[in-house]
Amino acid sequence: MKGVDLSVQLGPVTFANPIFTASGTWGYGLDFVDLVDPAALGAVVTKTLTAVPRRGNPQPRVRELRHGLLNSIGLENVGLQAFLREKLPALRERGVRTILSLAARESGEFATMVAELTRHEGWQGVELNLSCPNVAEGGLDFGRDPFRIREIVDSVRQVLPADRALLVKLTPNVTSIADLAVAAQDAGAHAISCINTVVGLEVDLETRRPVFPRAFAGYSGPAILPIALAKVWEVARAVDLPIVGIGGISSVEDVLRFLVVGAGAVQVGTALFARPTLAHDLVKELEESLITRGCASPMQMRCEELGRS
Amino acid sequence: MTDRRYGPALLRAKESVARETWVLRYDFEMGSVALPGQFAMVHPGCDELFVLPRPLSILDAGDGWIDFLVKVAGRGSRALVEADLGSAVRILAPLGRGFDLDSLACETLILVAGGVGVVPLHLAARRLVERGRPARRAIFGARAPEDLPRQVWSDGRGGDWELWVQEGAEEGDLHPGLVTEGLERALVDAADATILACGPTAMMQAVVRIGRRTGNRVWLCLEEQMGCGAGVCRACVVDLSGDPGQRVTVCREGPVFESSEIRFLAEETPA
Ligand SMILES: Cc1cc2nc3c(=O)[nH]c(=O)nc-3n(C[C@H](O)[C@H](O)[C@H](O)COP(=O)(O)O)c2cc1C
């Protein structure tokens, strides 16, 4: 059988394969270049960037549970300017396909940040993080409101160059994620990234208090895989956009599961801590398993019931 | 940057050296010589059971092998010590900034270790002996005699260690009490010494207080809950002194810091 075509199209941008790294779990894409080539991935999604640097939350910031990880990092990041100055040139030079994850304090700020980006080369898209549970002004407030999502996506589309992709990352912590996805689609998003972390809480039995000072934290890892699959399925039935499936991936079978429920691409997150080369391994393994299953492209794994996207 | 390697590693040998404490040897080739204080991220291998790898300080390493000292503290460490010989883990190493012996070896050094904090200082002691510049004094403290990993020192290649225990000091060569008492005494005839310390936070804070009072510099090997071991997840951050005080990761910018660099240690008011 002929080779598999792993490429995936998100709006105007084609990515060579559908395996991306998830925001916040692989830094700015340059921290493992001694072990693997980040340009071999479909794309690298950066740690979420804000207009000004953020120091993030106090300790403790992570707690490992049996099947998942709770984190309360609080969007610590170097800030958009420092990223553009210190990281983007190196990513560009290496030919890394880069998607910038962005968060803002108020809805108008997204378009301002993207306008700033248009003065720089070396990135292929933005992912609007409308879903961080770990900061007071984390975008979650407007990330739960279809009206505000429409407003933000619309404002970003107006300044985004025509050859760049616009991904919108949604929270699973809502009653209807489909309503949010429809709003993003209506306003011109190219793809829906789903999901961000699931709100969770861990207790310290000695102090009889929540472990994290903010009480709530974001749950990720294998435990959230079925939740993420359900959300992707729900979104796939509601919109015609490509979906980037995220949540609990740690094997090629997990990737295939996302493809079945309607994802066109996936992001690997927490599992990278246990295996920093996992995303690279998955590119190879995905190709092999699609061949084994007689699929010429990832799309052919899609459940018939969903129809074509 | 040191030359990290990542890959599977087979458990070659294990030896019980103290209560719930083991030395584990894996087949693993690092790209560079490990500095004392550098560590490895070790994933026990059952991905269904462990979301995160475990940071383990490097006890020693050589041609194709790496040793760790593991005290059972939870599910992960238990899985590591209970694994069968020949079973595989995954190792990313060496990581972090270790003790800079090139400059420290010129100074009079006192090593102070508590519990598994002995690991980086044991390696430091060995390297110093190899350089012909042994530490002036090496002090180790544990709760009880059963907690002393004596085999670790048995070949004598790390020089002599003074042993302190909080209970059961009746055995001949043991000192009753805390390592800080040993440190205070050692400083009497080594007033200009630089102190290298690693152990429980309370112990390190006490060592820093002594160093501040007596004017001795203190280098510490810190511990913090880690996710990735490579600076990307930002789990293990500490604040540096100064205003506003840069926020750095223990895994990449550390784990070895001078005590005055770290805000929570530098600003602590004397007890
Ligand atoms: C330590 C950590 C930090 C994260 N930081 C971000 C972030 O900055 N922006 C974001 O959109 N998602 C962030 N996430 C969420 C992940 O991108 C991903 O959506 C989520 O973890 C689910 O995928 P996983 O189970 O594969 O980790 C973070 C997750 C973790 C574990």
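Labels below follow one simple rule: chain letters A, B, ... track the order of the sequence lines, proteins then strands, and each chain is numbered from 1. All of these numbers come straight from a predicted model, not from anything done at the bench.
- Across all non-hydrogen atoms, the minimal contact from A/D34 to B/R4 is OD1-NH2, 2.5 Å.
- In this structure, the side chains of A/E64 and B/R54 come closer than 4.5 Å at one or more pairs of heavy atoms.
- Note on A/Q59, A/R63, A/K47: by heavy-atom pairs under 4.5 Å with chain B, the leading option is A/Q59.
- For B/V237, the parts lying near chain A are the backbone and the side chain together; criterion is any non-hydrogen pair under 4.5 Å.
- The most heavy-atom pairs under 4.5 Å with chain B, out of A/P222, A/P60, A/G68, come from A/G68.
- To the nearest 0.5 Å, atoms CG (A/D31) and SG (B/C233) are separated by 11.0 Å.
- In this structure the side chain of A/R61 reaches within 4.5 angstrom of the side chain of B/R234, judged on heavy atoms.
- At a 4.5 Å heavy-atom cutoff, the contact between B/R90 and chain A is made by side-chain atoms alone.
- At a threshold of 4.5 Å between non-hydrogen side-chain atoms, the residues A/F273 and B/H43 do not count as touching.
- Between B/Y6 and A/T277, the closest heavy-atom pair is CE2-OG1, 3.4 Å.
- For A/L272, no part lies near chain B; criterion is any non-hydrogen pair under 4.5 Å.
- Minimum heavy-atom separation, B/D47 to A/A274: OD2-CB, 4.4 Å.
- Across A/H67 and B/V51, no two heavy atoms sit closer than the pair C-CG2, 3.7 Å.
- The 12-atom threshold is exceeded at CD of A/E253, counting heavy atoms of other residues, nucleotides or ligands nearer than 6.0 Å.
- Proximity to chain B (any heavy atom under 4.5 Å) is shown, for A/F32, by both the backbone and the side chain.
- If you measure heavy-atom distances from B/L49 to chain A, the contacts under 4.5 Å come from the backbone alone.
- Atom CG of B/L52 sits about 8.0 Å away from atom OG1 of A/T270, to the nearest 0.5 Å.
- Using a cutoff of 4.0 Å between basic side-chain nitrogens and carboxylate oxygens, B/E48 and A/R66 are not scored as salt-bridged.
- Heavy atoms of A/S250 lying under 4.5 Å from chain B are absent altogether.
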